[in-house]
Student: 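One structure is given below, represented as C-alpha cells, and several questions about it will come after.
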Amino acid sequence: MKNYDRIFVIVLDSLGIGAMPDSAKFGDIGVDTFGHILEKMGSLEIPNLRKLGMLNLHPAGKMAGVENPKGRYTHLGEASNGKDTMTGHWEMMGLEVTKPFQTFTETGFPPELIKELEERPGHKVIGNKPASGTAILDELGEEHLAKRTPIVYTSADSVFQIAAHEDVVMLTGDLCVGRVIARPFVGEKAGAFQRTSGRRDFSVEPFSRTLLDAVKDAGMESYGVGKIEDIFALRGLTGSNHAAGNPACIEAWLDYMRKPFDGLCFTNLVDTDMLYGHRRDPQGFADALAYFDSKLPEIIDLMGDEDLLVITADHGCDPTFKGTDHTREHIPLLVYHKGMKGLTDLGVRKTYADIGATCAEWLGLPERFGATSFADKLK
C-alpha cells in the first residue's frame, strides 16, 4: 500500500467506554466513563465526534450514531496489567507491560525509602499515604507552609507524588514506580490551596523499543504534545511542546499540523482525567469533550490528503464511580483520513498496540510490536 506522510494520534485522557472482562479484578465492576457521562448529562454537544462514529461505537440514552460515519471506529482492550497513564500510552506505542508497576495503596511508601528521601535533600516529609491530590492539600497544606516540609502521597496508580508550595520551594529496582510527580501549589490556607500548571513528571524509560523509537530511527519526525515527553522520558522524540491544559495542547498540536513533516505527532489532552475524572466532575468532563469536538473542523481542515487522524484514550476514570482512581475499561478508537470511503469493520482489538502496528505500517516501517495492523482496512 502507499506510504503516507503524517499521523496524528490524540489521547482523550481517561475516556473509557465500558468495563473490560477482567475489570472486577481491579475493583471496577460496572464502570463506563463515556456512557455514564452521557446518562448524567442527558445529551452532549459532540456533533463532529458523532460524524466520525463515536456514538455508533457507544450509543447511550437518546444519543445514537449516524447512518454513514465518516471514520472507522471500534474499541480496544488493554493487554497490559494495569489501568494507568504509562501502561496505556506505552501499550498503544507497542510496549506491553506484563509486570505491573509497584503501588503503595495500603500503607504508603516503606520507611527505608522515606528515610533516604529525607536524608538526601535534608528535609523531613509529611503525609506518606494514599490520598486525593486536592484533599491532601487541605489536610496538610498549612502544616507544609509552617514547617516548610514536602508533602508525599500516592494513589492507586504507580506514582510517587511530591507537593510543595511555589513559594517554598527516580525510583528503581524493587521499589520501581512508573512516575515521580512534582506538584506545585499556591494559596495560604485550607480550602484555598490550588495546584498550578507547573506539574512535572519524571518517568522511568520504556523498557523496550516503541513506535516513537522506530519513527525517529527512520529519520522521520516524532513529536510529543502535553505530557507525552514525561510519559516516555523524552525517549524517541525529535521535538516536544510541554503545553499545559487542553486548549494550549490543542493549539500546540495545530502548530505541528501547520508544519510540513514526515512522521508522527502524539498528543495527550489531560484535563478530562486530571481536572474532571479524578475530581468526579461529569459536567466538566462533558464540557472538555465538547470543546475538543468544537476544534475538530479546524483539525480536519489542516489535514493533508496523506494524513491519518487517530482519536483514542488510555484508560477510564469514571467520574460517577466510587473513589477517584482510574478505571479498567475498553477505550474508543476513531480513525479518519480524507480519502476514506465506505464502511469497514475494524473488529474487536485485543490490545492498544494495534495502534502502534497500524501507524508503523502506514508510515512504511517494518515493526509490528507483536500486534496486528488494521491499515489495510482504512482505504
Student: Who passes side-chain hydrogen bond (donor to acceptor under 3.5 Å, both in side chains) against Gln283, sequence neighbours left out?
Tutor: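 With neighbours one apart ignored, the set is Asp287.
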Student: Indicate the atoms forming the closest heavy-atom contact of Asp293 with Pro47, along with that distance.
Tutor: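 Closest heavy-atom pair between Asp293 and Pro47: OD1-CD, 3.1 Å.
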Student: Not counting sequence neighbours, which residues clear salt bridge (Lys or Arg N to Asp or Glu O under 4.0 Å) with Asp13? List them please.
Tutor: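 Asp13 satisfies salt bridge (Lys or Arg N to Asp or Glu O under 4.0 Å) with Lys227 only.
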Student: May I ask you to decide if Leu296's main-chain N or O and Asn48's side chain share a donor-acceptor pair within less than 3.5 Å?
Tutor: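 Side chain of Asn48 to backbone of Leu296: no pair is present.
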Student: Please name all residues satisfying ring-ring contact (aromatic ring centres under 6.0 Å, His included) with Phe193, sequence neighbours left out, ordered by chain then number.
Tutor: Phe185
Student: Testing Asp230, Val97, Ile231, Leu95 one by one against Met86 for a side chain to side chain contact (heavy atoms under 4.5 Å, CB included), which residue passes?
Tutor: Ile231
Student: May I ask you to say whether Arg258 pairs ionically with Glu298, meaning some side-chain N is under 4.0 Å from a carboxylate O?
Tutor: yes
Student: Who are the ring-ring contact (aromatic ring centres under 6.0 Å, His included) partners of Tyr256, not counting sequence neighbours?
Tutor: Tyr223
Student: Is a side-chain donor or acceptor of Thr74 paired with a backbone partner of Gly347 at a separation under 3.5 angstrom?
Tutor: yes
Student: Side chains of His36 and Asp318 only: does a donor on one sit below 3.5 Å from an acceptor on the other?
Tutor: yes
Student: For the residue pair Thr351 and Glu78, confirm or rule out a side-chain donor-acceptor distance under 3.5 Å.
Tutor: no
Student: For Ser373 and Ala375, indicate whether the former's side chain and the latter's backbone hold a donor-acceptor pair under 3.5 Å.
Tutor: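 The answer is yes, because a donor-acceptor pair under 3.5 Å joins these two groups.
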Student: Provide the closest heavy-atom pair for Cys317 versus Thr324 in the form atom of the first, atom of the second, distance.
Tutor: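 Distance-wise, the nearest heavy atoms are SG-O, 4.2 Å.
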Student: Holding to ring-ring contact (aromatic ring centres under 6.0 Å, His included), I want the full list of residues that pass it with His58, two or more places apart in sequence or in another chain.
Tutor: Phe34
Student: Applying salt bridge (Lys or Arg N to Asp or Glu O under 4.0 Å), name anything that partners Asp28, two or more places apart in sequence or on another chain.
Tutor: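 Salt bridge (Lys or Arg N to Asp or Glu O under 4.0 Å) check on Asp28 returns Lys83.
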Student: More than 12 heavy atoms of other residues, nucleotides or ligands under 6.0 Å from NZ of Lys338: yes or no?
Tutor: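 Result for NZ/Lys338: enclosed.
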Student: Counting neighbours of CD on Glu221 that are heavy atoms of other residues, nucleotides or ligands and sit closer than 6.0 Å, is the number greater than 12?
Tutor: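 For Glu221, atom CD is crowded (more than 12 foreign heavy atoms under 6.0 Å).
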Student: Is there a donor in the side chain of Asp307 and an acceptor in the side chain of His337, or the other way round, less than 3.5 Å apart?
Tutor: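 Looking only at side-chain atoms, His337 and Asp307 do not form any donor-acceptor pair under 3.5 Å.
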Student: Would you call Lys129 and Glu139 a salt bridge, using N to O less than 4.0 angstrom?
Tutor: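 Glu139 and Lys129: salt-bridged.
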Student: Name all residues meeting the side-chain contact (heavy atoms from CB on, under 4.5 Å) criterion together with Arg235; count only those two or more places apart in sequence or in a different chain, and write none if there are none.
Tutor: Glu205, Pro206, Asp213
Student: Do His278 and Asp325 meet the criterion of a side-chain donor-acceptor pair at a distance under 3.5 Å?
Tutor: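 Checked: His278/Asp325 side chains show no N/O donor-acceptor pair below 3.5 Å.
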Student: Hey, which of Thr327, Thr85, Thr87 is the one that makes side chain to side chain contact (heavy atoms under 4.5 Å, CB included) with His315?
Tutor: Thr85
Student: Which residues pass the salt bridge (Lys or Arg N to Asp or Glu O under 4.0 Å) test with Glu367, not counting sequence neighbours?
Tutor: Arg209
Student: I'd like to check the side-chain hydrogen bond (donor to acceptor under 3.5 Å, both in side chains) partners of Thr312; sequence neighbours left out, ordered by chain and number.
Tutor: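 Testing Thr312 for side-chain hydrogen bond (donor to acceptor under 3.5 Å, both in side chains), a comparison that skips the adjacent residues, returns none.
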Student: Aromatic ring centroids of His89 and Tyr352 under 6.0 Å?
Tutor: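 They do not qualify: ring centres at least 6.0 Å apart.
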Student: Between Leu309 and Leu55, is there a shared hydrophobic cluster once you connect ILVMFWY residues whose side-chain heavy atoms come closer than 4.5 Å?
Tutor: yes
Student: Going by the rule salt bridge (Lys or Arg N to Asp or Glu O under 4.0 Å), which residues pair with Asp22 if we only count those two or more places apart in sequence or in a different chain?
Tutor: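 In terms of salt bridge (Lys or Arg N to Asp or Glu O under 4.0 Å), with neighbours along the sequence ignored, Asp22 is linked to Arg328.
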Student: Quick one: does Arg72's side chain have a donor or acceptor within less than 3.5 Å of a partner on Lys379's backbone?
Tutor: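 It does hold such a pair.
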Student: Restricting to side-chain hydrogen bond (donor to acceptor under 3.5 Å, both in side chains), what partner residues turn up for Asp138, sequence neighbours left out?
Tutor: none
Student: Tell me whether the guanidinium CZ or amine NZ of Arg6 lies under 6.0 angstrom from the six-membered ring centre of Phe261 and within 45° of its axis.
Tutor: yes
Student: Can you sort out the partners of Glu251 under side-chain hydrogen bond (donor to acceptor under 3.5 Å, both in side chains), two or more places apart, ordered by chain and number?
Tutor: Lys295
Student: Take Leu15 and Ile331 through the side-chain contact (heavy atoms from CB on, under 4.5 Å) test and state the conclusion after the steps.
Tutor: CA-CA 7 Å; Leu15 186 62; Ile331 60 170; over 6 Å; no
